[in-house]
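Input: a single structure, listed below in structure tokens.
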4 protein chains.
Amino acid sequence: MSRLDKKQALLDTALTLFVSQGFHATSTASIAKQAGVATGTLFHHFSSKDELMKQLFLSIKQEFANAIKGQISQKGDIKADAQHLWQVAINWAIENPLKQEFFQQYSMSPSIPAAIRQQAMNDILSFMGELILQGQKTGELAHYPLSLMQESCHGQFLAATRYFLDHPETWENDEHKQASFSMFWNAMKA
Amino acid sequence: MSRLDKKQALLDTALTLFVSQGFHATSTASIAKQAGVATGTLFHHFSSKDELMKQLFLSIKQEFANAIKGQISQKGDIKADAQHLWQVAINWAIENPLKQEFFQQYSMSPSIPAAIRQQAMNDILSFMGELILQGQKTGELAHYPLSLMQESCHGQFLAATRYFLDHPETWENDEHKQASFSMFWNAMKA
Amino acid sequence: MSRLDKKQALLDTALTLFVSQGFHATSTASIAKQAGVATGTLFHHFSSKDELMKQLFLSIKQEFANAIKGQISQKGDIKADAQHLWQVAINWAIENPLKQEFFQQYSMSPSIPAAIRQQAMNDILSFMGELILQGQKTGELAHYPLSLMQESCHGQFLAATRYFLDHPETWENDEHKQASFSMFWNAMKA
Amino acid sequence: MSRLDKKQALLDTALTLFVSQGFHATSTASIAKQAGVATGTLFHHFSSKDELMKQLFLSIKQEFANAIKGQISQKGDIKADAQHLWQVAINWAIENPLKQEFFQQYSMSPSIPAAIRQQAMNDILSFMGELILQGQKTGELAHYPLSLMQESCHGQFLAATRYFLDHPETWENDEHKQASFSMFWNAMKA
DNA sequence: GATGAATGAGGATTCATTCAT
DNA sequence: GATGAATGAATCCTCATTCAT
């Protein structure tokens, strides 16, 4: 196993264990063991357990951001754009259930320093903020306070993914995905 | 300080500390100390730290449920009913910021056994489920899967309270409360 | 074993082990075990291993200071006073070999924070400083810089006790004690 | 950097760090890093951390011995010889404050195996022992037990250098150096 | 019921040392 | 010889819980 493989193995294992047992209930020793490396190796790659959590959080957030941002078409049809992004985001969550569950659990948790959470949230939400502003300019979106609308986006996304993750039989059901988008869009539209 | 006073002091202190430091970062000793009782006394009232958390969670949930349920008017005008309930719920959150923050942090956290969370969630959501079904019957609400709509309600409520708690200057602003309700209602309506 | 007994047992055991194995080579677990208490108990009485060392150092210093200070006669005959104090100090060292050895090892060691060492040293040396100044006034002691003379006192005392501790067969030999005093006195006298 | 340069860099860095932080608080990794070599390289030159300490101790001791021994004139005037040696020794300490501080800290410390300390001490003290015996033969020095006098020499030297190192403003003051010698000589003389 | 000293298992972290490259 | 990632035993310390007073 190469250097980077070990670091990745540690991140992967930490994700699994943090989601299934919780951050504090997961010992660094158990992460290392299940990742197939020695205890000390974890601290060779991450200066502390908190640092491991931080890097895990930021890397997953980045992965999600990359999946989404690459899909912005900017064709000008805001509703079509929004629908496409919603689909992509929901699909990412369905395809990465562990990572989505991680977000559900830790987006509001004090296990991640508030500053890190804020920063990560801002990165995602600021990109959404621009889309919202644009939609308000064209008159397609409602003129509510920006941060209220951002929180609503985030909240609806978490709610929708919770539904899909809790009901795996719906994963192929486009009607339900469409329903989740309708609720989202109706909430936001003018 | 009487017997019940001590128990309540422990619950109050636990709420404050769990919210500000997190469940695992808060020692039972520090809760007892700040509540003004001895370490052992905590274990007279609660068989374990987990039991304390469980009772805290259920008591806050109950308090919220009482505040809401007492307000159901059942006049038949679903939108008016919904608007009233939304107001009451948002106001409760604004008046109990610590308890609302507690929900934000622990509703999805593994610090509370899944079974307890489920049960609490069902209590609230089932009552909402009935309202939704009723609205669907009258044709005022959209015919999406029930649990999707329940999750959406919950998610929108958390999003709205997050907005209000993060922006205390908006607490008296009825326009913003109205905006939050509009988003919620538009998402749900037929 | 009572509360204070346990604390004292920990101090006594720490003294023995720190002297025989060194501070860092002595684990807190081994101190607790040999003192007959649980690991956690050590940290109930001392907030950290460093704090234990600090209290041990200060308590032994205090014990020595008490043994000496109670013996200052102030009859006015400086040489006789000095001789008496020297005897008392040497005898204390011979009767408390472990504590004397502790001073030999840790008076200059970074295992004890410099500030603590300084403070302890000043307490002892300041009382000696007064005696020296008095002797200089009467013309019986040499007029060298005060701190040089203090260091010399301290150094000679450590040297003499090292000699006596390394040669237990000399403990009853008053001639040798007299010799050590002569060297000390001749160094200091005018 | 050549092979020997690296070894010397490691010894120099170890000296600095051992004195400023203490032996146990200094990790081999930090020594290697600050010396500009890789962690493993330290273990090419020294089989263990203890071995590094041992070589450091012996090399400094040797350096001091060389500085002193080269200066023995053997003109027969014992007091003049002693005064010259005292000057040389004090000057060496002033010119090598780090190394002198190292002696202050580690001459009595269990960080250096007793056997090594003894051996080093004997090397220096045995050479002094001969001078003392010689002085006793001519009647110029007191007839106290040899090891008591040796310990006294050592103790006075440490005391004097402590004074000079703690008061750098006295480094050029010959009067003070003379004072320190007087105390030393008066202690030893017949 | 209340107290708080005592417990000891458990956890994060360090670090001397090794060894494959 | 030099490197530095990897190792894992060892250490300090925490903390939920117990129980004698």
Side-chain angles (χ1 to χ4, degrees), chain A residues 1-7 10 24-33 36-52, chain B residues 1-4 6-7 23-33 36-53, chain C residues 1-7 10 24-33 36-52, chain D residues 1-4 6-7 23-33 36-53:
Chain A
M1 193 156 38
S2 88
R3 192 179 179 302
L4 285 179
D5 283 347
K6 290 195 177 176
K7 183 165 185 178
L10 284 164
H24 276 98
T26 304
S27 71
T28 53
S30 71
I31 298 172
K33 191 173 184 180
V37 303
T39 340
T41 305
L42 188 154
F43 292 91
H44 205 70
H45 291 285
F46 308 95
S47 60
S48 68
K49 192 185 180 185
D50 282 340
E51 176 67 18
L52 166 59
Chain B
M1 194 154 43
S2 87
R3 196 180 173 299
L4 283 179
K6 289 195 178 175
K7 182 165 184 178
F23 178 69
H24 276 97
T26 303
S27 68
T28 52
S30 71
I31 298 171
K33 189 175 184 181
V37 303
T39 341
T41 305
L42 190 152
F43 290 89
H44 273 296
H45 294 284
F46 308 96
S47 61
S48 70
K49 191 186 181 185
D50 282 339
E51 176 66 19
L52 165 59
M53 176 51 125
Chain C
M1 191 156 39
S2 88
R3 191 179 181 300
L4 285 178
D5 284 348
K6 290 196 177 176
K7 183 165 184 179
L10 285 164
H24 276 98
T26 303
S27 71
T28 53
S30 72
I31 298 172
K33 190 173 184 180
V37 303
T39 341
T41 305
L42 189 153
F43 293 92
H44 203 70
H45 291 284
F46 308 95
S47 59
S48 69
K49 192 185 180 186
D50 281 340
E51 176 67 18
L52 166 59
Chain D
M1 194 154 44
S2 87
R3 195 180 175 299
L4 283 179
K6 290 195 178 175
K7 181 164 185 178
F23 177 69
H24 276 96
T26 303
S27 68
T28 52
S30 71
I31 298 171
K33 189 174 185 181
V37 303
T39 340
T41 306
L42 189 153
F43 291 89
H44 273 296
H45 294 284
F46 308 96
S47 60
S48 70
K49 192 186 180 186
D50 282 338
E51 176 67 18
L52 165 59
M53 177 50 124

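Sequence lines set the chain letters: A, B, ... in the order given, protein chains first and strands last, and positions in each chain run from 1.
Annotation: the span from C:His24 atom NE2 to C:Lys49 atom NZ amounts to 6.0 Å, rounded to 0.5 Å.
Scored by the side-chain hydrogen bond (donor to acceptor under 3.5 Å, both in side chains) test, C:Ser27 finds C:Ser30 as partners (sequence neighbours excluded). Listed by chain and number, the residues in a ring pair (Phe, Tyr, Trp, His ring centres under 6.0 Å) with D:His44 amount to none (sequence neighbours excluded). Listed by chain and number, the residues in a side-chain hydrogen bond (donor to acceptor under 3.5 Å, both in side chains) with B:Thr28 amount to none (sequence neighbours excluded). Under the rule for a side-chain hydrogen bond (donor to acceptor under 3.5 Å, both in side chains), the partners of B:Lys7 that lie at least two apart in sequence or sit in another chain are B:Gln55.
Contact between the side-chain N/O atoms of D:Lys7 and the OP1/OP2 oxygens of F:dG1 is not found at any separation under 4.0 Å. Phosphate contact (OP1/OP2 of F:dT7, side-chain N/O of A:Lys6, threshold under 4.0 Å): present.
Considering only the side chain of A:Val37, F:dT7 comes nearest among F:dT7, E:dT7, F:dA2.
B:Asp50 places a side-chain heavy atom less than 4.5 Å from the side chain of B:Phe23. The shortest distance between side-chain heavy atoms of B:Val37 and B:Leu42 does not fall below 4.5 Å.
Between the CD1 atom of A:Ile31 and the P atom of E:dA12 there is a distance of 8 Å, rounded to whole Å. Nucleotide E:dG4 holds its P atom 15 Å from the NE2 atom of C:His45, rounded to whole Å. Going from atom CG of A:Leu42 over to atom P of E:dA12 covers 9 Å, rounded to whole Å. In this structure, B:Lys33 atom NZ and E:dA5 atom P are separated by 11 Å, rounded to whole Å.
Consecutive pairing runs in DNA chain E reach the stem threshold at E:2-21 with F:2-21, where a stem means at least three Watson-Crick or G-U wobble pairs with distances under 3.5 Å.
Although no hydrogens or angles enter the test, the distance criterion places no donor-acceptor pair under 3.5 Å between the side chain of D:Lys33 and the main chain of D:Thr39.
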Which letter, B, S or -, goes with each nucleotide of nucleotides 11-21 of chain F from 5' to 3', with contact meaning a protein heavy atom under 4.0 Å? -SBB-BBB---
